[in-house]
Amino acid sequence: MMRFTGKRALVTGAAGGIGRAIVAGLRAEGAQVAVTDRDCGALEAEARIDGDLLDGGFCDALPGRVAEELGGLDILVNNAGVITRGDITTATDADYALTMGVNVEAPMRLCRAAIPIMAAAGGGAIVNTASCWGLQPGPNHPLYVMSKAALASLTECLGRDHAHQGVRVNAVCPNEVNTPMLRTGFAIRGLDPEAGIATLNASVPLGRIAEPEDIADVALFLASDAARYMTGALLPVNGGKPVG
Ligand code: NAD
């Protein structure tokens, strides 16, 4: 028996590095998956919904829309995220609105809309992609760090508040992952991504930064019944490197 047979899932940021791996993993184990991103392109999924998570109305309506299309909603993965770089003196109002909008407000809206649907059906699982930087700050990314700390706090709050309804809320907290988000960071600084990743690999006790599947496997565990006694948990997935 596959872990997600009969389950209906919604994954945000589905066209990104970690999102693609989560979608592929859920579908490989029997879930029907609705994917959302600004452009889902030709992503393989049971439902593809393009949209902007900065649009509050889009977020508010999305869980209901997915439940209607798939016949229910058992799993929500709030995976989309943006990273804004630079210390606070260089942070613009637009950086703040973008970072808090995508990383905090959208998951808040999606959880708010999804939880009553899940509760009415007897329960469900929400997995948020936070960050190890939401547990302990890394340098020179204050907006990103505070947004991920807020998402971690939201996870802990909702995990406790909705346990009685059978809705579990947990977060996976990666350190560096080999995705477009990480690679563009090197490119923006004029560095070669391959050389940058080789340097980062040497800094990780397990010998390499994460591949998207390393994170997806833990997200799938949290979404599955194997994690039935976990809620409000913030799970570091860092190869033994807490913060870098
Ligand atoms: P990614 O850039 O490959 O994917 C992020 C996805 O989110 C993209 O497909 C993007 O289009 C989508 N997205 C961003 N803004 C959106 C918006 N307004 N509306 C709709 N979709 C939007 O990055 P990733 O590395 O796969 O990141 C996934 C998650 O993992 C993020 O929450 C990120 O903060 C977190 N994370 C990543 C790393 C890392 O090193 N890559 C480390 C820790 C945490």
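Basis for what follows: all heavy atoms, side chains included, without hydrogens, waters or symmetry-related copies.
I117 and L26 are assigned to two separate hydrophobic clusters, defined by single-linkage of ILVMFWY side chains at heavy-atom distances under 4.5 Å. Follow the hydrophobic side-chain contacts under 4.5 Å out from V169 and you never reach M230; the two are in separate clusters. I126 is not connected to I215 by any chain of hydrophobic side-chain contacts under 4.5 Å among Ile, Leu, Val, Met, Phe, Trp and Tyr, and they are in different clusters. Under a hydrophobic clustering in which Ile, Leu, Val, Met, Phe, Trp and Tyr are joined whenever their side-chain heavy atoms come within less than 4.5 Å, directly or via other members, L182 and L191 fall into the same cluster. Residues I115 and L154 are members of one and the same hydrophobic cluster, defined by side-chain heavy-atom contacts under 4.5 angstrom among Ile, Leu, Val, Met, Phe, Trp and Tyr.
Side-chain contact of T12 with N78: a donor-acceptor pair under 3.5 Å is absent, judged by distance alone. With 3.5 Å as the limit, one finds a donor-acceptor pair spanning the side chains of R183 and N178.
In this structure, the side chains of L110 and L76 come closer than 4.5 Å at one or more pairs of heavy atoms. At a threshold of 4.5 Å between non-hydrogen side-chain atoms, the residues R3 and D225 do not count as touching.
Each of N170, L222, V127 was evaluated against L235; a single residue qualifies, L222, per the side chain to side chain contact (heavy atoms under 4.5 Å, CB included) test. Under the side chain to side chain contact (heavy atoms under 4.5 Å, CB included) test applied with N103, the options T84, L151, V82, N128 reduce to a single match, V82.
One distance of note links NZ of K241 with CD of E176; it measures 3.5 Å at 0.5 Å rounding. In this structure, S147 OG and Y96 OH are separated by 10.0 Å, a value rounded to the nearest 0.5 Å. Remark: E68 CD to R65 CZ distance equals 10.0 Å, nearest 0.5 Å. Between the OG atom in S131 and the NE2 atom in H141 there is a gap of 10.0 Å [rounded to 0.5 Å]. Atom CG of residue D161 and atom CD of residue E156 lie 11.5 Å apart, to the nearest 0.5 angstrom. Summarising the geometry, atom OH belonging to Y144 is positioned 10.0 Å from atom OG1 belonging to T99; distances are rounded to the nearest 0.5 Å.
Between E29 and K7 no salt bridge is recorded (no basic side-chain N to carboxylate O distance below 4.0 Å). Ion pair D39/R48 not flagged as a salt bridge, since none of the NZ, NE, NH1 or NH2 atoms sits closer than 4.0 Å to an Asp/Glu carboxylate oxygen. A salt bridge does not link R8 to E69: none of the charged nitrogens lies less than 4.0 Å from a carboxylate oxygen.
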query: Going through the checks in order, is the side chain to side chain contact (heavy atoms under 4.5 Å, CB included) test met by L53 and R109?
result: CA-CA 10 Å; L53 293 173; R109 287 180 179 277; over 6 Å; no
message: Checking I49 against V35 for the side chain to side chain contact (heavy atoms under 4.5 Å, CB included) test, could you report, in this order, the C-alpha distance in whole Å, the side-chain angles of both residues, the deciding distance, and whether it holds?
response: CA-CA 6 Å; I49 305 174; V35 294; over 6 Å; no
field: Trace of the side chain to side chain contact (heavy atoms under 4.5 Å, CB included) decision for F186 with R189
entry: CA-CA 5 Å; F186 287 118; R189 283 173 280 161; 4.0 Å; yes
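A donor-acceptor pair under 3.5 Å is formed between the side chain of T92 and the backbone N or O of D95.
Counted within 6.0 Å of CG on D93, heavy atoms from surrounding residues, nucleotides or ligands total 12 or fewer; the atom is thus considered open.
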